[in-house]
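We count ligands from 1, going down the list as the structure has it; atoms in each ligand are counted the same way.
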Amino acid sequence: MITEMAAASTSSNLHSLSFLLLLLVALSEATMLNITNRCSYTVWPAALPIGGGVQLNPGKTWALNVSGLTSRGRLWARTGCSFDSRGNGSCQTGDCGGVLACKGHGRPPNTMAEFIIGQFNSTDFFDMSFVDGFNVPMDFLPVPAQGRTGCSKGPSCAANVTSQCPSELKAPGGCNNACTVFKQDRYCCTGNAAYNCVPTKYSMFFNQMCPDVYVDSMDTDWNKTFTCPLGTNYQIVFCPQINLTTSPGTGSSSSKGRIGLILDLIDKNSDDMQAHEQDAIQMMKLAMWCLQIDCKRRPKMSEVVMVLEGTMYAESNIDHNFVATNQATFGIPGSVTSSVPPLASHVSGPR
Ligand SMILES: *[C@@H]1O[C@H](CO)[C@@H](O)[C@H](O)[C@H]1NC(C)=O
Ligand SMILES: *[C@@H]1O[C@H](CO)[C@@H](O)[C@H](O)[C@H]1NC(C)=O
Ligand SMILES: *[C@@H]1O[C@H](CO)[C@@H](O)[C@H](O)[C@H]1NC(C)=O
Ligand SMILES: *[C@@H]1O[C@H](CO)[C@@H](O)[C@H](O)[C@H]1NC(C)=O
Ligand SMILES: *[C@@H]1O[C@H](CO)[C@@H](O)[C@H](O)[C@H]1NC(C)=O
Ligand SMILES: *[C@@H]1O[C@H](CO)[C@@H](O)[C@H](O)[C@H]1NC(C)=O
Ligand SMILES: *[C@@H]1O[C@H](CO)[C@@H](O)[C@H](O)[C@H]1NC(C)=O
């Protein structure tokens, strides 16, 4: 950048003028990164090299100005923290040397967002990564500046990876990357595995849970890096609600499309059902969750209570393989091989 500027000013005044104009445009348009906590619990987001870290209570937003961040920035979630009035303390996940305002990276596991603002041809690059594992569901979406179109997509990981985490990778408050746990080349894509890193059952697990998110540092799926023009603002949401109105097949992950199918179960002729659509969907999702053939994937009673109280969303990442509820097949796992949602009568009773 600096050499470009020097070259411009010596070769031609016109060039330096247009460069100055570009610089002014870039400066006047602050790039805002808003971080919103939709979890039922407090999260302590941390950001480098701009931001440090704050406490973010449920429902609150942290607005961060990341203008001109041409080197790689990162933002991650911390949970289970306690800090004294001077900002000293610790976190269960994502801790950065025991301080509220981070100066160094977070301890795994933590879900991480990465971004570069206005680099190469005035483009922003952004992605999400499981390189340090997972602790909080998150999505990272662009909010295009007014009157601009062309970039509306970003990585999303609404699934609760912790609840499905293989036991070897489980950590208090999250799910570790296999590299963190085993420190072996084949999981870290280092050494002999650096340029031919083959998928492992662990990288496949993370990919299946959240296909938009990088799993290891050698992951070369460019589809996971998103771009937007400089001037775009961004929104990071912890515990995003899955967009229930997305129609089947349009979601980036199959779970979104399947949830669209649930909408078809809502009685179009019932005003009451229409008026309480979201509640009805939550109840059907809860029913489907409770009817999982794999009993290990069914909710705990405490989770059922939380969904009923509205303090937690029903798990969306479920097997579409349900215990049949009609008399003839009741209690015979395996007799149902359906890959579509259950019949309306199975989850909402006879009408
Ligand atoms: C954002 O940061 C840029 C560069 O540091 C600054 O020029 C701008 O005034 C800031 N904008 C806001 C809204 O804080
Ligand atoms: C970010 O948050 C600030 C302050 O709450 C708000 O003024 C702004 O509109 C938000 N920006 C986006 C892109 O959501
Ligand atoms: C707590 O914070 C203060 C001021 O930031 C610092 O000087 C001190 O070393 C910290 N104490 C501990 C135990 O980390
Ligand atoms: C730079 O951006 C412009 C406008 O978006 C585009 O037309 C052009 O192809 C880009 N150039 C390169 C080298 O990517
Ligand atoms: C995810 O699952 C874990 C373990 O089942 C649970 O403790 C945690 O509260 C869940 N998080 C969310 C956001 O639902
Ligand atoms: C990237 O996306 C395109 C179009 O959706 C697809 O054809 C391609 O296989 C994807 N690449 C990888 C590496 O997944
Ligand atoms: C959900 O998705 C639909 C269709 O893609 C879109 O029109 C709607 O604005 C989205 N709703 C939310 C809350 O994101």
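- In this structure, Thr42 contributes its side chain and Asn57 its backbone to no donor-acceptor pair below 3.5 Å.
- Ranking the protein heavy atoms by distance from atom 5 (O) of ligand 5 puts Ser163 CB, 3.5 Å first.
- Note on ligand 2: Met32 sits outside its first shell, no heavy atom being nearer than 4.0 Å.
- When hydrogens are left out, the protein atom nearest atom 13 (C) of ligand 5 is Tyr41 OH, 3.5 Å; that is the closest non-hydrogen contact.
- Taking a 4.0 Å cut-off on heavy atoms, Cys39 fails to register as neighbouring ligand 5.
- Those atoms of ligand 2 that come under 4.0 Å of a heavy atom in Asn233, given as number and element, are 13 (C).
- A tilted orientation is assigned to the rings of Phe130 and Phe206, their planes being inclined by 30° to 60°.
- What sits closest to atom 3 (C) of ligand 2 on the protein, heavy atoms only, is Asn34 ND2, 3.6 Å.
- Protein heavy atoms are absent from the 4.0 Å sphere centred on atom 7 (O) of ligand 5.
- Tracing side-chain contacts under 4.5 Å through hydrophobic residues (I, L, V, M, F, W, Y), one never reaches Phe226 starting from Met112; they form parts of separate clusters.
- With a 4.5 Å cut-off on side-chain heavy atoms, Val99 and Phe83 do not count as touching.
- For the 3.5 Å distance criterion, the side chains of Glu114 and Tyr214 fail to qualify, holding no donor opposite an acceptor.
- Scanning the protein heavy atoms around atom 4 (C) of ligand 2, the nearest turns out to be Ala63 CB, 4.1 Å.
- The protein heavy atom nearest to atom 11 (N) of ligand 5 is Asn160 ND2, 2.8 Å.
- Classification of the Trp76-His105 ring pair by plane angle, with boundaries at 30° and 60°, yields perpendicular.
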